[in-house]
Chemist: 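I'd like to ask some things about the structure below.
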Amino acid sequence: KTFPSPLPLSFPMQKLLLVLACVAAVARAAVHREPLPGAGWADDTTFSAAARAQSSMRLIVQAREQNLDKIREIALDVSNPRSPRYTQYLTQQQIDTLTQPLPEHVQAIRDFLYGLDYTETSNRTFTVTLSVDEVQALFHTSVRRLANAATGQTALRASDYTLPPAVETAVQGVFGLFGLPLPPRRHVGAEIATVTPSVIADVYQVKGVTPSRSDSNRQAVAEFQGQTMSTDDLVKFFGKFVPNAQAGDDKVSKFVGNPGAGAPEVEANLDIQYIMGVAPGIKTEFWYQQNNDFCSDVKNWTSLILSEDPQPFVHSVSYGWQGDLSQVGCEASLVSAIEADFAKIATKGIAIIFASGDSGSGEGGSTSNCNDIKTDLALEGKVASTSVEPNAQLCCLRSEGKAFMWQKGAGPTPPVPPADCNQAHPGTKEVMLEGTVIFRLTLANPQECCSFSREQAVAWSFVTSSTPNQGTCTAFSSVTGKTRNTHATSGAVADAGTGTCTTFTSVTKNVTKSGSYAGNTKGPQVVLYPSWPASSPWVTSVGGTRFQQQDVHQPEMATDQFGSGGGFSAMFGQDPDAKWQEAVVKHYLDTAPRGAPFPPIASIPTSGRATPDVAALGEGFSVYIGGSVEPVGGTSASTPTFAGLVSLLNEARIQKGKKQLGYLNQFIYQNQAAFTDITVGTNAISRGGGPLDYGYNCTVGWDPATGFGTPIFGKLLEAALAAP
């Protein structure tokens, strides 16, 4: 039986009703918490209603894929020169078939996005651009604009969001809701420009390969953050520094993604000039993403590589984040989705080469372990400071890693009764508190404000805004008064009160004492951040070197105008995907001197993926920028240099009827003798060249400053041609 069609609805109304239908299903869904933004980001109070109405957000919904464990197994097998399956790479169709999401998962996402103008790729990646109102309704969230006064950047960002249960099960992650751009690129300069393609060829003994200039062997650079290249500068660079190049060698063979030719930006010019200048005649592509949401941009880029066959065999990338990834909105689920892409790319026989970072060991300072506060424990020792704090948690946070003790004292009466954050109406309505502010955040409701404040503050106030499900949460360390505000709700934390917070430079005795709390008795926990994606097991990480005495005739050492990024990842282990480096990393940890600046061993995730893998020159590169030569440095110089050399190795193999090397790391770790060991220098150096308290010195063999060292091209070529 057929039924008459209902009266047609306008398209905007159709979309709104569909969105509202999805919202009705969120009651049992998990909440995806908004991470706190990095330093300098705050709500943009100039974001007008008119600007809001004209704004949109581009989102990527990634379905959960199957058989990713099998993909990782294949990637390791086909890239291992000692395996009988070496170079038996998968086609894109084979990868898509093997990892195809469950049909019910795909359908759940289609139903979720039904009526919206989305693009579906390979039955797994759904891209959609939505208005702010549509995002808020679909994801049960609130959207505002953040601004960074230090960098001048702005970004739209959602608060906590939820997905319907069926969609939650189907989705690996949603890109674009929390993402922030990396800070603007500040290139590392140099006193003089001494490095050119001919210097690199001389130092690394680059010879024995003549490119065929065919499309059978291609390479690419990936650019983000508004980094466009100048074709005029590239022509001038070749004219001055690559005089023996043939006609057409100074031309980019293809632009992929957003338009990449434009203003001469330092990073893009450096990358394209040196990957091409080191390997003239290799067809080179410029891949550019301009969206300025770092995790989304990386996902767009990996999706392009996985969109079809064939693709360039080598991709050079000089971008990454050497810090807490949550600060740029890269949730763990999004990182996992990108890591899965990296493994799939490895099965295709493609090498991804990342700069290891320019912030040395990535020292993030000392932190307090505030999840391990001991009750009924008092300390004695050399006192560093005393203060009045509302609770032991806040005393811990104020201790900056020192041992601390908090003893409850008779404090003032809380301004309002302590709140149960889970009740329907926590706190007292129409009350706005005054006092010493710890933080202000944009949150969805009083319950969230109460929860966020619980462990850091004595009290809180939440003021609703004109935007639904959005308001300002203010947390206080002390309260001096209160006023009436019809839009406000205020409460005290459950353990409101005050006490004496004492920090210690040294502890001589522990004493049992009722009502006393203590922590950090083993001292501060040092936090060190290797760069990601360079710390992925599925990419090759390149550190930086310079000439000793800045003389091209002298041996190399670790860079000191900036710190060559390296260390141990807390996100990725050596087992199971980087077991190829276990032996050399163990040797380093067993033999490295423990004196300064070696970090406290407890701060090192010793079983984590260790970087860099290799190194190359990274200071004093001669780069054409806006028509003139400037000295530039960074591991972003080292990376295209090494990538160009890898393309020459691929060229030699292809001319012998063999396949490209593909994912490189097992080949590298089986050919340590093909690198010059760097034993001078350290990466206890900041991006600006200043000293860090902790870092890793260069040693004999692999080390976290320069990896195995710098390439000896002749030996690499011999090993590449000897591999099956």
Side-chain angles (χ1 to χ4, degrees), residues 38-40 150 182-183 185-191 318 320-325 327-328 354-369 399-402 505 520 522-532 534-535 541-546 548 556-571 585 588-589 592-606 608-612 615 618-619 633-638 678-699 702-707:
L182 300 183
R185 300 289 293 190
R186 180 177 64 84
H187 75 270
V188 180
E191 294 180 2
S318 296
W321 181 246
Q322 205 165 347
D324 185 344
L325 283 170
Q327 293 179 333
V328 290
F354 267 91
S356 70
D358 297 343
S359 298
S361 63
E363 184 179 325
S366 299
T367 62
S368 304
N369 183 3
S399 70
E400 297 181 342
K402 299 183 183 70
T505 55
N520 291 344
K522 295 182 180 179
Q525 178 182 349
V526 176
V527 181
L528 305 173
Y529 291 104
S531 182
W532 182 82
S535 56
S541 177
V542 183
T545 63
R546 72 163 175 87
Q548 295 183 35
E556 293 171 75
M557 61 176 285
T559 57
D560 58 6
Q561 291 181 349
F562 62 92
S564 175
F568 299 82
S569 173
M571 292 192 298
V585 173
Y588 168 79
L589 291 169
R594 289 296 193 266
F598 193 84
I601 193 67
S603 69
I604 303 174
T606 54
R609 157 72 162 128
T611 54
E619 290 187 14
T635 53
S636 53
S638 314
I678 305 300
T679 59
V680 178
T682 181
N683 75 348
I685 297 172
S686 70
R687 182 176 179 85
L692 296 176
D693 292 333
Y694 301 105
Y696 305 97
N697 289 343
C698 295
T699 60
W702 180 92
D703 59 66
T706 57

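Here the structure is a predicted model, which means the values were calculated and not measured.
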Chemist: Quick one: are Val542 and Phe354 in side-chain contact, heavy atoms under 4.5 Å?
Modeler: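 Side chain of Val542 against side chain of Phe354, heavy atoms only: no contact under 4.5 Å found.
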Chemist: Could you measure the distance from the CG atom of Asp703 to the CG atom of Leu589? Nearest 0.5 Å is fine.
Modeler: 11.5 Å
Chemist: Hey, what do you get for CD (Gln322) to CG (Asp358), rounding to the nearest 0.5 Å?
Modeler: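 That separation rounds to 8.0 Å.
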Chemist: Side chains of Tyr696 and Leu528: does their closest heavy-atom pair fall under 4.5 Å?
Modeler: yes
Chemist: Taking atom types as modelled, is there a side-chain donor on Thr545 or Glu556 under 3.5 Å from an acceptor on the other?
Modeler: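 Yes, side-chain donor-acceptor contact under 3.5 Å.
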Chemist: Could you tell me how the ring of Tyr588 sits relative to the ring of Phe598: parallel (under 30°), tilted (30 to 60°) or perpendicular (over 60°)?
Modeler: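 Answer is tilted, since the angle falls between 30° and 60°.
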Chemist: Between Gln327 and Trp321, is there a side-chain heavy-atom distance shorter than 4.5 Å?
Modeler: yes
Chemist: For Thr606 and Phe568, run side-chain contact (heavy atoms from CB on, under 4.5 Å): C-alpha distance rounded to whole Å, both residues' side-chain angles, the deciding distance at 0.1 Å, then the answer.
Modeler: CA-CA 7 Å; Thr606 54; Phe568 299 82; 5.6 Å; no
Chemist: What are the two closest heavy atoms between Val526 and Ser603, and how far apart are they?
Modeler: O-CB, 3.1 Å
Chemist: Does Ser569 use its side chain to pair, donor to acceptor, with the backbone of Met571 at less than 3.5 Å?
Modeler: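 Yes; judged by distance alone, with no hydrogens or angles, the pair exists.
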Chemist: Is there a donor-acceptor contact under 3.5 Å from the side chain of Ser564 to the main chain of Gly544?
Modeler: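 The answer is yes, because a donor-acceptor pair under 3.5 Å joins these two groups.
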Chemist: Looking at every non-hydrogen atom in both residues, tell me the closest pair between Gly320 and Leu182 and how far apart they are.
Modeler: O-CD1, 3.5 Å
Chemist: Hey, does Thr635 have a side-chain heavy atom less than 4.5 Å from the side chain of Phe562?
Modeler: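 Answer yes - side chains close enough.
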Chemist: Nearest heavy-atom pair of Thr706 and Ala558: which atoms, and what distance?
Modeler: CG2-CB, 4.0 Å
Chemist: To the nearest 0.5 Å, tell me how far Ser686 OG sits from Glu363 CD.
Modeler: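 With rounding to 0.5 Å, OG (Ser686) is 9.5 Å from CD (Glu363).
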Chemist: Distance only, no hydrogens: is a donor on one side chain within 3.5 Å (strictly under) of an acceptor on the other, for Ser361 and Asn683?
Modeler: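 Result is no, nothing qualifies.
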Chemist: Hey, are the side chains of Cys698 and Ile678 touching, using non-hydrogen atoms and a 4.5 Å cut-off?
Modeler: yes
Chemist: Is it true that a side-chain atom of Ser535 and a backbone atom of Ser531 form a donor plus acceptor pair closer than 3.5 Å?
Modeler: yes
Chemist: To the closest 0.5 Å, what do you measure between CE (Met557) and CD (Glu619)?
Modeler: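 Answer rounded to 0.5 Å: 8.0 Å.
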Chemist: If you take all heavy atoms of Pro704 and Pro612, which pair is closest and at what distance?
Modeler: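 Closest approach of Pro704 to Pro612: O-CD, 3.3 Å.
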Chemist: For residues Ser541 and Ala534, report the shortest heavy-atom separation together with the two atoms involved.
Modeler: CB-O, 3.5 Å
